[in-house]
Amino acid sequence: MIPALGWSAPDAPLVAMTTPDPAESAPTEAIPPPVKPALPTPPNCPRPSRAQIMAMIPAVANHYGVEEALIRAVITAESNFNAHAVSPAGAVGLMQLMPPTANDYGVSSVDKLFDPLTNLRTGTRHLKRLLNKYKNDYGRAIMAYNAGEGVVDRTNSQVTYRETLNYTEAVISNYQRQGGTAPTQTALTQVQTLREVKNPKQARRLLKKYLDLSLLSLNVEPTLNTRYLNPALHDADPTGKPMFELNARD
């Protein structure tokens with residue numbers, strides 16, 4: 001295409017007017033926000049009653065070696081005995097299990113987590129594993145059930161999330177009311193101490209004090225190939241400059 005010529009005032013230089021590039025003039029399309037995965041859908045059937053669920057607990061508790069009082073306390077805090085409960089994060093059923101956690105115990109179907117007995121068995125197995133890992137320290141196991149093992153381990157159990165502190169206190173208090181006999185008063189005292197961390201600077205100081213760097217696992221991979229990472233391999237020309245330069249210290 002021959003470009004059109006536009007004439008300006010006398011003595012002004014001649015200016016070539018080119019056809020606008022459609023790609024440049026077209027409005028930029030808005031990028032749609034990422035689609036959140038749909039939450040699990042409870043089954044279209046009557047929920048089991050509290051009495052029916054209570055009747056299941058003794059056998060499961062005996063099979064996995066976990067106190068009935070602790071299981072009841074966790075269920076109360078997690079779903080209040082609602083087998084069809086679904087959290088905004090996607091946790092499912094009586095013991096509010098995340099599907100990836102349930103998958104670790106061989107339950108790959110989310111629909112099965114709405115079955116009260118399956119959920120009860122899976123949640124109790126998870127609770128038992130946490131108790132074993134933390135040597136029957138109920139405070140740490142309960143914190144890990146709520147916040148995740150990674151958070152508890154990285155902070156040496158100095159978790160300052162308000163939700164986790166509220167959860168731990170609620171479960172332990174309920175456990176004690178239901179006749180639980182394991183020593184848990186120290187954990188309640190720790191919760192009260194952690195509540196005193198009232199601002200981010202205090203929290204960071206506490207985490208820095210207790211953070212065990214040996215528990216961190218980083219997997220770092222370069223996003224650039226060797227040519228871009230090594231300035232000596234860059235192609236040079238009179239107008240080009242390397243992406244960065246490495247200079248020896250004086």
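Along the sequence shown, residues carry numbers from 1.
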Using atom types as modelled and distance alone, determine if a side-chain donor or acceptor of Ser87 lies under 3.5 Å from a backbone N or O of Ala91.
yes

Compare all side-chain heavy atoms of Lys135 with those of Arg140 and state whether any distance is below 4.5 angstrom. no

| field | Expected output: side-chain Lys128 to main-chain Val66 donor-acceptor under 3.5 Å | value | no

Practice prompt. Take Cys45 and His84, measure what side chain to side chain contact (heavy atoms under 4.5 Å, CB included) needs, and give me the verdict at the end.
Written response: CA-CA 10 Å; Cys45 63; His84 292 178; 4.1 Å; yes

Here the pair of heavy atoms bringing Asn103 nearest to Ser108 is OD1-CB, 3.4 Å

Query raised in the report: Would a 4.5 Å heavy-atom cut-off, applied to side chains only, mark Thr124 and Met95 as touching?
Result: yes

side-chain contact (heavy atoms from CB on, under 4.5 Å) test vs Ile142 passes for just one of Val191, Thr168, Asp137, namely Thr168

For Ala144 and Tyr134 the tightest heavy-atom approach is CB-CE1, 3.7 Å

In terms of heavy-atom contacts, Pro42 and Val86 come closest through CG-CG2, 4.1 Å

Between the CG atom in Leu94 and the CE atom in Met56, the distance rounded to the nearest 0.5 Å is 8.0 Å

In terms of heavy-atom contacts, Val171 and Ala77 come closest through CG2-CB, 3.6 Å

d(Tyr161 OH, Met143 CE) to nearest 0.5 Å is 11.5 Å

dist Glu169:CD -> Arg195:CZ (nearest 0.5 Å) comes out at 4.5 Å

One should read off an interatomic distance between Ile71 CD1 and Ile75 CD1, to the nearest 0.5 angstrom, of 7.0 Å

Check: So do the side chains of Gln178 and Glu68 get within less than 4.5 Å of each other, counting heavy atoms only?
Finding: no

| field | Salt bridge present between Asp153 and Lys133 (N-O < 4.0 angstrom) | value | yes

Heavy-atom closest pair (Met98 atom, Ala89 atom, distance to 0.1 Å) is CE-O, 3.3 Å

Here the gap from Phe114 atom CZ to Leu97 atom CG, rounded to the nearest 0.5 Å, amounts to 11.0 Å

**Asked** Any salt bridge between Glu149 and Arg129, counting N to O under 4.0 Å?
**Response** yes

*Answer yes if the side chains of Ser79 and Asn82 hold a donor-acceptor pair under 3.5 Å, and no otherwise.*
no

Closest non-hydrogen atoms of Ala102 and Thr122, given as atom of the first, atom of the second and distance, are CA-CG2, 4.0 Å

Starting from Val74, can I reach Tyr64 by hopping between I/L/V/M/F/W/Y residues whose side chains sit under 4.5 Å apart? yes

Given the options Thr164, Val159, Val152, Asn166, Asn146 meets side-chain contact (heavy atoms from CB on, under 4.5 Å) only with Thr164

Exercise for review: Show your working on side chain to side chain contact (heavy atoms under 4.5 Å, CB included) between Arg72 and Asn174 and close with a plain yes or no.
Suggested key: CA-CA 8 Å; Arg72 290 195 297 268; Asn174 195 302; 5.5 Å; no

- Non-hydrogen side-chain atoms of Gln52 and Pro116 separated by less than 4.5 Å: no

Margin query: Which label fits His126 and Tyr105: parallel for a plane angle under 30°, tilted from 30 to 60°, or perpendicular past 60°?
Written below: perpendicular

Got a sec: does the CZ of Arg121 have more than 12 other heavy atoms crowding it under 6.0 Å?
-> no

So, do Arg47 and Phe81 sit near enough that their side-chain heavy atoms are less than 4.5 Å apart? no

Output for pair (Gln185 CD, Gln190 CD), nearest 0.5 Å, gives 12.5 Å

Do Leu113 and Pro40 touch side chain to side chain, with heavy atoms closer than 4.5 Å?
-> no

Is there a path of hydrophobic side-chain contacts, each under 4.5 Å between heavy atoms of I, L, V, M, F, W or Y residues, that connects Leu127 with Val151?
yes

Mutual orientation of the aromatic rings belonging to Tyr175 and Tyr138 [parallel < 30°, tilted 30-60°, perpendicular > 60°]: tilted

Problem set entry | Other residues, nucleotides, ligands: >12 heavy atoms within 6.0 Å of Gln192 CD | yes

ask   = Between the main-chain N or O of Thr155 and the side-chain N or O of Gln158, is there a donor-acceptor pair closer than 3.5 Å?
value = no

